[in-house]
Amino acid sequence: MKRPMKLGLSALALLTGTVLAQSVLPKLAVKPTYRVGFAQTESNNPWRLAQTKSMQDEAKKLGYTLVYTDAGGSTAKQVTDVRSMIAQKVDVIFLSPREDKPLAPVVKEARNAGIPVILLDRNIDPTLSKAGTDYVTFIGSDFIKEGQRVADWLVKNANGKTNIIELEGTTGASPANDRKKGFDDVIAKNSQFKILASQTGNFARDTGRQVAETLLQAHPEANVIYAHNDEMAIGAVSAIEAAGKVPGKDILVLSIDGGKEAVKMVVDGKINYVVECNPRFGPEAFKTLQGYAKGTKYPAKIINADRDYTPESAKAGLASAY
Ligand code: AHR
């Protein structure tokens with residue numbers, strides 16, 4: 001009687017048509033040109049537009065094809081966008097995950113389909129996805145440090161203004177989580193300060209304005225607004241003026257991003273301090289893609305250098321702000 005043949009797992013997969021999940025990063029061939037996906041979260045602010053332009057400019061410079069999608073502020077659409085890039089068999093996917101949990105499964109789906117993913121700007125919850133296994137690396141700012149830098153500036157320059165309203169970014173987005181943690185941890189160590197209220201303004205100017213208006217009415221003693229991005233800070237400036245107060249004087253305004261409009265407001269004294277979050281990802285992103293194809297090993301995070309804009313330095317920095 002014939003013995004049954006022993007089959008290895010991959011032979012079994014071939015026979016049954018099953019796709020075996022790889023738990024290692026896919027390789028990337030060295031090629032003269034690539035078709036590269038870039039899954040953007042939204043395009044409703046200068047930061048996002050600057051990031052997209054930087055990616056498009058660099059792809060053009062290198063002669064690569066950029067398959068660009070804009071999720072329009074919908075996490076569900078961004079999931080679909082990444083799946084469509086997988087179906088189109090792009091060589092690499094650059095992903096700015098709108099939220100840190102719902103995008104984790106598609107990062108693995110891309111990896112299992114043999115497409116390396118490089119996370120740009122926003123991160124995925126590290127308990128759900130791992131650099132070096134699920135995706136190549138994360139390139140972006142240290143968001144915790146950004147929040148800490150804002151709080152450190154406030155502790156030194158508060159001049160008795162200690163009643164804080166915090167405008168948070170998009171719920172579930174890594175910069176919102178980390179900018180809150182970085183700031184709140186420093187504030188907690190300085191007992192003269194009090195966070196009166198902390199609420200999401202969804203990283204958007206008009207929502208930031210509306211939330212600031214409501215919170216200023218509920219907390220007339222507020223004299224500091226910390227916004228997780230420029231757009232909400234600019235919205236807060238309008239809310240302060242609508243409340244008959246002077247932004248930058250009656251109420252200190254602190255922000256993160258460093259777009260031209262906000263930096264100009266620092267020059268004009270309406271915003272007091274801005275920590276930059278550099279959106280010019282193109283050169284580093286594509287250099288990392290090329291290095292990865294050649295076998296370079298990358299750390300879990302590649303951190304961008306960020307400037308800051310104080311009332312003293314903003315004028316000099318204005319021309320080079322995005
Ligand atoms: O992820 C970075 C943040 O996202 C920027 O601060 C904000 O403006 C953008 O929408």
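Position 1 is the first residue of the sequence, and the numbers go up from there. Both ligands and their constituent atoms are indexed starting at 1 by order of listing.
When Asn45, Leu120, Asp230 are ranked by how near their heavy atoms come to atom 10 (O) of ligand 1, first place goes to Asn45.
In Arg48, the part holding a heavy atom less than 4.0 Å from any atom of ligand 1 is the side chain. If you look at Met232 next to ligand 1, there are no close heavy atoms at all, none under 4.0 Å.
Using a cut-off of 4.0 Å between Lys/Arg side-chain N and Asp/Glu carboxylate O, Glu261 and Arg205 are scored as salt-bridged. One finds no salt bridge joining Lys189 and Asp184 here, because no Lys/Arg side-chain nitrogen approaches an Asp/Glu carboxylate oxygen to under 4.0 Å. Between Arg35 and Asp91 there is no salt bridge, since no side-chain N of the basic residue sits under 4.0 Å from a carboxylate O of the acidic one. Taking 4.0 Å as the cut-off between side-chain N and carboxylate O, Asp308 and Arg149 count as a salt-bridged pair. With respect to Lys61 and Asp57, no salt bridge is recorded, no charged nitrogen being found less than 4.0 Å from a carboxylate O. Note on Lys245 versus Glu241: no salt bridge recorded, every NZ/NE/NH1/NH2 to OD/OE distance being 4.0 Å or above.
Counting atoms of ligand 1 from 1 in the listed order, those under 4.0 Å from a heavy atom of Arg122 are 1 (O), 3 (C), 4 (O), 9 (C), 10 (O). Per-residue contacts place Asp121 under 4.0 angstrom from the following atoms of ligand 1 (heavy atoms of the residue considered): 1 (O), 2 (C). Using a 4.0 Å cut-off to heavy atoms of Asn229, the atoms of ligand 1 that qualify are 6 (O), 7 (C), 8 (O). Each of the following atoms of ligand 1 lies closer than 4.0 Å to a heavy atom of Pro175: 1 (O).
Taking any N or O of Arg179, backbone or side chain, at least one lies under 3.5 Å from an N or O belonging to ligand 1.
Under the 4.0 angstrom criterion for non-hydrogen atoms, Asp257 is in contact with ligand 1.
Under the 3.5 Å distance criterion, with hydrogens and angles disregarded, a donor-acceptor pair is assigned to the side chains of Ser320 and Arg307.
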